[in-house]
Amino acid sequence: MQRYNPKDIEPKWQAKWETDKIYQASEDTSRPKKYVLEYFPYPSGAAMHVGHVRNYTIGDVIARFNRMHGFNVLHPMGWDAFGLPAENYAIKNKVSPRLAIDENTARFKRQLIQMGFGYDWSREIDSTDPKYYKWTQWFFLMLFNKGLAYQREALVNWDPVDKTVLANEQVIDGRAERSGALVEKKSLKQWFFKITDYADRLLGDLDNLDWSESIKSMQRNWIGRSEGMLFTAPIKDSQLQIQTFSAHFEAFSADTFVVIAPDHPFLKELLKGTEGEKHVLDFAAQMVKKRDAQGYSDEENVEGIFTGRYIEDPVGNGDLPIWVASYALAHYGTGIVKCSAHDERDFKFAKKYNITLKPVLFPSDEKEAEKVRNLEYCYTDMRNGILSEPADFAGQTAGENREAIIKYLEDHQLATPQISYKMRDWLISRQRYWGAPIPIIHCPLDGAVPVPDDQLPVVLPDVESYEPSGDGRSPLANVPEFVNTTCPKCGGPAERETDTMDGFACSSWYFLRFADPHNDELPFARDKADFWLPVDDYIGGAEHAIMHLLYARFWTKVMYDEKLINFEEPFTTLRNQGMILAPNGLKMSKSKNNTIEPDEIIEQGYGADSIRIMELFIGPWNQTANWSVEGMGGAFRFLQRIWTLTQEHQDAKEQAGGDQSHEQAILKAAHYTIRSVTKDLEQLGFNTAIATLMEYVNNLYKLKSQDHFADGEAWNFAITSLLQLVAPFAPHIAEELWSKTGHTGSVHTSEWPAYDEALLIEETLTVVIQVNGKLRGEINVSRDADEATVVASAKADQKAARYLENQTIRKTVYVPNKLVNFVI
RNA sequence: GGGCGAGUGGCGGAACUGGUAUACGCGCACGACUCAAAAUCGUGUUCCUUACGGAGUGAGGGUUCGAUUCCCUCCUCGCCCACCA
């Protein structure tokens, strides 16, 4: 018998599967469809490591398991290839990013194939292919025409030395990664998608998704809906008025001052004509600068300055001073807040600047209430706190009166209900070369004009230099042939938009393109999308928990509204695999030089199948695990034992003459394993499914070593089932042994084995004897024995009897087929 | 500060709706094969105790005949978000 050598068999089957097209999907309506998808990878310079491999292994096992269950499985793969690393590579080597991407995708694809992943490569897509981004641009225009894409000024990271806009990941501790210069904020006109219009739907529809609670709660958190009240107040000695938002408005009678964000657009107008106008503006500008450099985290150093202005508070709190405060956020609520003794930040700020505070909310404990009255600490319990003002609610808890307080404020015309979100619109402009060009033409007469459909795609031109333009625009601005064009509306001279789109735009619809990847007339044909979508199982890392998943959900809802598709949520179930860390528990990264690549393990002779087993056996699929080098040996030994077991069977086949009970034992082991593995896989219990298979193999070795086979039928069934059960995990060895044991066709298109429940019914069962809940013995009883018989034989059990001697049994607990517990 | 999740042998982990804690694997020890080693096969492996027996799932308490599992209090770790009014 040949030794198990993965190098001999794995490449052979990979080629054969591709030739036989066994993973190619078509719109065959005779079987139910199943769309299994892993996030399409970014083929960066770094090769794929065993952490990535886990993601694809999970998807592949799910796809194969479903295929063997008779599903028509779509399991595609493609490339999310726009982005910074390719552009950096291009600048450094003065070559087209295209070149870098082509090299990287080729390597990535080879790595995926050598892992034995069953993708339908006829559907391969590449987001940087003009045939693909034509439709990304088409979707941009759809959003634009619906009023969901708009331009406004926004801040970017500006490197004053290299004269370029930096991505967030190019800024490290406030300095440019490359030049080391202190990064400045610069205001540029940029494109946004109005995702906030969809906030409520994005939030509400989460409830019906089969996603992990943690991802859902991250999305809820990110959207950050809060219901509150909007107050309006006139500014004293002025025609102006302000609005403030409060989600914790119950203690509105406590408001004693107002804060406004230092970068609030209204600040200038507010200060106009005040004595300290210039001084306050300068101070505010400084606060903004400090905050941009250090972030918000410096909680101890809140600072502020009095504006010289007051509001006349309509709710009856008198004239309240307006302060500029570093902790106020211009972009949340209205950017202006009425403040009181019942907010930690307000409290701290007021203490620092000796601003009057007036508590109106108190704990029920009088001693504690006295402390709050004396401003010894900040009391914020809006549920249990007892109000002293306004008179209508005096003596009652804030929490129980929230609704009544809303009504009170509305009836007295003091405030109106308002909903506020943390989520902001999606900034999609990138001042970068390597992205899909934004298909807009700027005309001096007609403004921003969409590129007509028949002129799509706006092709990214080849350029000589990928260096930044120096004025904050992308390198495309240096290409006159690209920039200068005519206005589609008036025909006059006009300029193309030079910003490109955020890569997340490309990945917001790719799952639809897989349904119809080669369509030149449409992004996808309606019937094909209807057939395959939504994605049934989406498998990916938690790094996509917020942005990608939210953006893709947003685009899907827009398409639904446009009647392009018939579903509102793109991913029915979402599975987030756990990360694989280096053996020392650190994150794998190229820079730390601690990555482990599948190539080297395959080279060492373990093979792809062993890696796949290891990826899943290492622990629950959704939990983080440290890679174990020693563990690879265990995975390999398991497969090797299958190899040997299966072929010794061939040698031993001639031997005859067994007994029926032995045959029964083999069948029982097989059916038990089929049931157990099937149930585990239905619940994604990959690690326990593999454990069961290991136990099964161990058992078959023992049964075999008694070296008597009956006519071999039971044994044949046992081995055939073993190969099928192991096929999703270790596709190569399963296929090789499948053919070696005389099967035709592929094990991967064979039908998943069925089990016979009747065979698994045990005639005798072990029943445990407990005394006061402690294990004291066990007895074997027949399955249909009645309670009295079982209890009697339990009492008679020698071991247990010792504990019952001279004792009164106060109670006997009997659990059928499980245990007897004597309470003494 | 807010949200989510997790604490079980030397290690990764298992235990279905409360019913024999530690399946499976790694590691380790011993044995078989071998001149020897590797590979392979087999046996053992929670801790304390010579034994009888006892303890034991992060800590403490509770419910129960019985708790890794349910409830309360606390501790530790991981991830995500975070001056979000």
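Naming: A, B, ... by sequence-line order, numbering from 1 per chain.
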Please state how far atom CG in A/Asn772 lies from atom C1' in B/G66, giving the value in whole angstrom units.
-> 10 Å

Please list each protein N or O that sits under 3.5 Å from an N or O in nucleotides 44-52 of chain B, with the distance.
none

Check whether any side-chain nitrogen or oxygen of A/Arg225 sits under 4.0 Å from OP1 or OP2 of B/C84, and answer yes or no.
-> no

Rounded off to whole Å, could you give me the NZ-to-C1' distance for the A/Lys587 and B/G78 pair?
-> 12 Å

For atom P, what is the distance between B/A55 and B/U68, given to the nearest Å?
-> 13 Å

Check the chi torsion on B/G9 and let me know: syn if it falls within 90° of 0, anti if not.
-> syn

Nearest whole angstrom, please: distance from the C1' of B/U64 to the NZ of A/Lys774.
-> 15 Å

Does B/C4 have a Watson-Crick or wobble mate here (both distances under 3.5 Å), and if so which one?
-> B/G78

May I ask you to say what A/Thr692 touches in the nucleic acid, namely base, sugar-phosphate or nothing, with a heavy-atom cut-off under 4.0 Å?
-> nothing

Here the distance between atom C1' of B/C83 and atom CD of A/Glu303, to the nearest Å, is 13 Å

Base, sugar-phosphate alone, or nothing: which one does A/Gly333 contact when heavy atoms must sit under 4.0 Å apart?
-> nothing

Let me have a per-nucleotide readout for nucleotides 9-19 of chain B, 5' to 3', with B, S or -, counting only protein heavy atoms under 4.0 Å.
-> ---BSS----B

Tell me: NE2 of A/His544 to C1' of B/C80, nearest whole Å?
-> 15 Å

Listed by chain and number, what are the side-chain hydrogen bond (donor to acceptor under 3.5 Å, both in side chains) partners of A/Glu695, not counting sequence neighbours?
-> none

For the residue pair A/Asp425 and A/Thr196, confirm or rule out a side-chain donor-acceptor distance under 3.5 Å.
-> yes

Distance-only donor-acceptor hits, side chain of residues 623-640 of chain A, under 3.5 Å, sequence neighbours excluded:
unit_1   : atom_1 : unit_2   : atom_2 : d
A/Ser628 : OG     : A/Gly631 : N      : 2.9

Residues A/Pro728 and A/Arg612: closest non-hydrogen pair is O-NH2, 2.9 Å

So with a 6.0 Å cut-off around CE of A/Met547, is the heavy-atom count from everything else above 12?
-> no

Hey, is NZ on A/Lys351 packed in by over 12 heavy atoms from elsewhere, all under 6.0 Å?
-> yes

Identified side chain to side chain contact (heavy atoms under 4.5 Å, CB included) counterpart of A/Phe729 within the set A/Leu693, A/Thr57, A/Asp609 | A/Leu693

What's the CD-C1' distance between A/Glu213 and B/C79, to the nearest Å?
-> 16 Å

A/Glu543 CD to B/G78 P, in whole Å, measures 20 Å

When rounded to whole Å, the CE to C1' distance for the pair A/Met614 and B/C26 reads 8 Å

Residues A/Lys352, A/Glu303: salt bridge by 4.0 Å N-O rule = no

Look at the side chain of A/Leu775 and decide which nucleotide, out of B/U20, B/C81, B/A85, has an atom nearest to it.
-> B/U20

Can you pull every protein N or O that's under 3.5 Å from an N or O on nucleotides 1-3 of chain B?
unit_1 : atom_1 : unit_2   : atom_2 : d
B/G3   : O2'    : A/Ser217 : OG     : 3.2

Would you please indicate if the ring centroids of A/Trp323 and A/Tyr353 are separated by under 6.0 Å?
-> yes

Please tabulate, one pair per line, each protein N/O and nucleotide N/O from nucleotides 40-42 of chain B that are separated by under 3.5 Å, including the distance.
unit_1 : atom_1 : unit_2   : atom_2 : d
B/U40  : OP1    : A/Gln640 : OE1    : 3.4
B/C41  : OP1    : A/Arg641 : NH1    : 2.8

